Colleague: 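Below: one structure in structure tokens.
Values in this document were obtained by computation on a predicted structure and should not be read as measured data. Every chain is numbered from 1, with letters handed out A, B, ... down the list of sequences.
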Protein chains: 2
Amino acid sequence: MSRARERVVAAALELFAEHGVSGTSLQMIADRMGVTKAAVYHQFPTKEEIVLAVIDPVLAELSSIAEAAAALRTPAARRRHAIAAAVDLVVRNRRLSRVLSFDPVVTRLIRQHPAMSPVTDLVDLLTGPAPSPEARVNLVMVAGGLVLAGAESALADVDDETLRAQLLEATTLLLKPRPPRG
Amino acid sequence: MSRARERVVAAALELFAEHGVSGTSLQMIADRMGVTKAAVYHQFPTKEEIVLAVIDPVLAELSSIAEAAAALRTPAARRRHAIAAAVDLVVRNRRLSRVLSFDPVVTRLIRQHPAMSPVTDLVDLLTGPAPSPEARVNLVMVAGGLVLAGAESALADVDDETLRAQLLEATTLLLKPRPPRG
DNA sequence: GTCTATAAGGGGATAGAC
DNA sequence: GTCTATCCCCTTATAGAC
């Protein structure tokens, strides 16, 4: 890949993470690079191609994870490898996660909303005062998991009662106060 | 609230869930209602106000949950109530979750991506063949939790090693094969 | 590889009639 | 409450010079 293409991808990743894909125009990418829109179009025929170039490496790595895990002998080993590799992938691409994540426009609206202050209380209530980083990670996982569970079309066939029971169990499990690891 | 306003909110909710907020224009909302853009603007001064009207009821309910929980006596009771109420809120608003969720443009790109087929294998590998609804819910929770954990700015101060360790523990916990509830 | 210039269209938003 | 008509801006994308 040419240097110019790499610069486009790097600029796009930063802007996508900050403003979301829909909130990022080619003009913004060009400005960030210090060139014109036409120069960007010389590297990528469409905006969609830029998005794909940004997420391609991670998707490719996901594929590698699946293949490597499938080559292991026991189901337990396969699962262990897949979990560890997926977690590692997320941690190494924290910024990219933002690209895939919530619409920044909506996120901003919610954060600025006056009704959000009691939600801070809710968080305090679930984690206790001065929560450890571990507790905070678990809480964020629960929040993301709950929202995605509500949104994911792959769960559209799961009836409300089953969904509620399982979410309750998983959430209780993750938010259970446990002694810190020794 | 006037009937006309309610109709706008209902149409907007459907379209936001399908196309995302950024992907939904006032023209689309007006078309869905069978009126013109100007009629929509008569009900709401800006698009932003429509978004707020859509998410307002849920935010208000979140506040109620926090207040009700805070009134309970023991920390354990407060946590139990908050968890159960939050889960219930999500289940009763499954469609709304989509509004808050991932950018539909990006979601479509990923789903259509050729490199996604091995990811299906990865899912099979983590859940086993013909997974139960419960196992599928847990997997979706893990996926949402991992992505949000990577994206959430509130965790920006957590170093990679701590994040990795905690995500590994939480993910392993949720994906551990367990005997079905009796 | 980068530029200027421009096309073609859609976005949010407004004015004023009915 | 709804309409027609319009404004202004920004968007993606293209043509052709350097």
Colleague: Will you find, in the side chains of B:Gln27 and B:Asp31, an N or O donor that is under 3.5 Å from an N or O acceptor?
Modeller: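 Yes - a donor-acceptor pair under 3.5 Å links their side chains.
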Colleague: DNA chain D: A:Ala38 or A:Gln27, which has the more 5' nearest nucleotide?
Modeller: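 It is A:Gln27, whose closest nucleotide lies nearer the 5' terminus.
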Colleague: Looking only at the side chain of B:Leu26 (C-beta and beyond, no hydrogens), which of the listed nucleotides C:dA13, D:dG1, D:dT2 gets closest?
Modeller: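 Closest nucleotide to the B:Leu26 side chain: C:dA13.
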Colleague: Using a cut-off of strictly less than 4.0 Å, decide whether B:Ser25 has a side-chain nitrogen or oxygen near OP1 or OP2 of C:dG11.
Modeller: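 Affirmative; the distance criterion is met.
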Colleague: Mind checking whether B:Ile29 and A:Val106 sit in one hydrophobic cluster, side chains of I, L, V, M, F, W, Y counted as touching below 4.5 Å?
Modeller: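 Yes, same cluster.
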Colleague: Rounded to the nearest Å, what distance is computed from the CE atom of residue B:Met33 to the P atom of nucleotide D:dG1?
Modeller: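 Atom-to-atom, B:Met33 to D:dG1, this comes out as 10 Å.
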Colleague: So which one's nearest nucleotide on DNA chain D is more toward 5', B:Lys37 or B:Ala4?
Modeller: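 Taking each residue's closest nucleotide, the earlier one in sequence belongs to B:Ala4.
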Colleague: Less than 4.0 angstrom between a side-chain N/O of B:Thr36 and OP1 or OP2 of D:dC3, yes or no?
Modeller: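 Affirmative; the distance criterion is met.
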Colleague: How long is the span from the CG atom in B:Leu13 to the CZ atom in B:Arg32, to the nearest 0.5 Å?
Modeller: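 The CG atom of B:Leu13 sits 10.5 Å away from the CZ atom of B:Arg32.
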Colleague: How long is the span from the OG1 atom in A:Thr171 to the CG atom in A:Leu146, to the nearest 0.5 Å?
Modeller: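 The distance works out to 4.5 Å.
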Colleague: Using atom OH of A:Tyr41 as one end and atom P of C:dC3 as the other, report the distance to the nearest whole Å.
Modeller: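 It works out to 15 Å between those atoms.
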Colleague: Grab the CZ-P distance between A:Arg3 and C:dT2 for me, whole Å please.
Modeller: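 Going from A:Arg3 (CZ) to C:dT2 (P), I get 12 Å.
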Colleague: With the side chain of B:Ala39 defined as its heavy atoms from C-beta on, choose the nearest nucleotide among C:dG12, C:dG1, D:dC3.
Modeller: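 Of the options given, the side chain of B:Ala39 lies nearest D:dC3.
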Colleague: Tell me which residues in residues 42-57 of chain B put a heavy atom below 4.0 Å from DNA chain D, sorted by number, or none.
Modeller: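 Only B:His42, B:Gln43 qualify.
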Colleague: So, are A:Glu18 and A:Arg108 salt-bridged, with charged N and O less than 4.0 Å apart?
Modeller: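 No, A:Glu18 and A:Arg108 are not salt-bridged.
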Colleague: What residue among A:Arg136, A:Arg98, A:Arg111 forms salt bridge (charged side-chain N to carboxylate O under 4.0 Å, His left out) with B:Glu152?
Modeller: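 Answer to the salt bridge (charged side-chain N to carboxylate O under 4.0 Å, His left out) test with B:Glu152 among A:Arg136, A:Arg98, A:Arg111: A:Arg111.
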